[in-house]
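Contents: one structure, followed by commentary.
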Amino acid sequence: MALRLPKRIALVLGGGGLKGFAHIGAIRALGERGITPEVVAGTSIGSLIGAAYAGRMPVDDMERRAIALKRAHLFKLDHVHMVTRRMQSPSLYLAGPLETLVRDIVPAGRISQLPIRLLVNTVDLERGSPVVWGLPGLEAVSVAEAVYASCALPGFFPPRVIEGRTCADGGVMDNLPSAAASHGVDAVIAIDVGSTSVVEARDIKDKGFAAIFMRAAQTMMRTMQTDSLARWSGPPMLLVRPEVWKYNWFSFAHTRQIIDAGYAATHEALDRIGDALCGTGGLFPRREVELSVDRGACIGCTLCASLAPGLFRMDADGKATLIRTTAEWSRADGDFVHRCPVKAIKVTAVDGDSRRQTMEWRTLPTEEDLPATD
């Protein structure tokens, strides 16, 4: 299918811990296709890599720095405040290592001075509202300060006061800031590394308060993002979801594989898009799927019929049944599948004469999803 793209494109890079290294592979793939975005927006690690890109850092340099990054470069426990201030300690980890990392990667100066327009998504913790640095009236701030704040996951790193606003990781409200980037552009390319698949975490109750908090935060971020995409009314969006579900948010052991996953997923999505981004709206690429219900597993909770009344109804036996068995979905559709408490809904992707089960539940490896705390 021939690729045809509009002139003005926004690139949106989502948060997702170190799974965000997939953004580097995505940027390489876009460059190979001759795609240069007019706007780059990011949350958390997406803002870090987006700022490096907006500052014209070569992709080879991004890869080299990512592969060289080790746990000790980023995470250092704030022992002093945890002992002296206890519950009043601002965070688990010191700000210094993250500050050093940010300043080593992002360009010096203000957002307004960058050669490519950059939007950095944060949240004002005191007002409980988003602040997207780089929007009109919010450009005269330090790139490094804005990016640090966007990466400062509450509780893990201290927030940063910028122009009187106490700012932290924008993923708290919007992990994929597509709406902020969509004004004045013809299409959006969004790289989502935080909601690539629903995965189960083993024995989360036994991994400590930090792991429990992080799991709750990930669930919240994913739910808000799913709802936001379901209401998408902006320009056409290419939604790329690299296969990084198997990697934990803070794993330093798989950087090469994560970068490669972003590269492959972006090329695959561009191969399938055709001229869809030259239209007036919608999420792409789209695919045909077949749905089925395991009646033996179904407990008749009615949730699927409530969430997707155009697809499900309850039969005389109180079991869920399909009104129609096929649909055309983007990668953002079908969230109700994962809300079934007994996993009774099955989805099969149809590609010509071939079929494969998709949206299946997966389990994270046993590797911890947080840096060591001792």
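Note: hydrogens, waters and symmetry copies are ignored here, and every other heavy atom, side chains too, is used.
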Dump the intermediate steps for side chain to side chain contact (heavy atoms under 4.5 Å, CB included) on F284 and L239, then the final yes or no.
CA-CA 6 Å; F284 303 94; L239 181 61; over 6 Å; no

Does the pair E139 and L118 meet the rule for a side chain to side chain contact (heavy atoms under 4.5 Å, CB included), with working shown?
CA-CA 9 Å; E139 312 107 314; L118 175 69; over 6 Å; no

List the steps and the verdict of side chain to side chain contact (heavy atoms under 4.5 Å, CB included) for T321 and V293.
CA-CA 7 Å; T321 186; V293 176; over 6 Å; no

Side chain to side chain contact (heavy atoms under 4.5 Å, CB included) between Y263 and E32, intermediate numbers included
CA-CA 10 Å; Y263 178 83; E32 291 178 354; 2.6 Å; yes

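The backbone N or O of G15 lies less than 3.5 Å from a partner atom in the side chain of N175, making a donor-acceptor pair. Checked by atom type and distance alone, the side chain of R33 never pairs as donor or acceptor with a backbone atom of A29 at under 3.5 Å. Using modelled atom types, one side-chain atom of W232 and one backbone atom of P235 make a donor-acceptor pair closer than 3.5 Å. Remark: the backbone N or O of A264 is not paired with any side-chain donor or acceptor of H267 at under 3.5 angstrom. Checked by atom type and distance alone, the side chain of D124 never pairs as donor or acceptor with a backbone atom of S129 at under 3.5 Å.
Shown here for A140 and E163, the closest heavy-atom pair between the two residues is O-OE2, 3.9 Å. The shortest heavy-atom contact between A344 and C298 is CB-N, 4.0 Å. When all heavy atoms are compared, the tightest approach of I105 to A52 is CG2-CB, 3.7 Å. Contact detail for G171 and T43: the closest heavy-atom pair is N-CG2, 3.2 Å. Here the closest non-hydrogen pair linking T266 and A26 is OG1-CB, 3.2 Å. Across every non-hydrogen atom of P107 and V143, the tightest pair is O-CB, 3.7 Å.
Under the 4.5 Å side-chain criterion, counting only non-hydrogen atoms from C-beta, L30 is in contact with L270. At least one side-chain heavy atom of L11 sits less than 4.5 Å from a side-chain heavy atom of I27. The shortest side-chain heavy-atom distance between P285 and R331 falls under the 4.5 Å cut-off.
By the 4.0 Å N-to-carboxylate-O rule, R65 lies close enough to D104 to be salt-bridged with it. One finds no salt bridge joining E290 and R324 here, because no Lys/Arg side-chain nitrogen approaches an Asp/Glu carboxylate oxygen to under 4.0 Å.
For R286, the CZ atom sits in a packed shell: over 12 heavy atoms of surrounding residues, nucleotides or ligands are nearer than 6.0 Å. The environment of NZ in K76 is sparse: at most 12 heavy-atom neighbours from other residues, nucleotides or ligands sit within 6.0 Å.
The aromatic rings of F336 and F312 sit perpendicular, their planes meeting at an angle over 60°, well past the 30° parallel limit.
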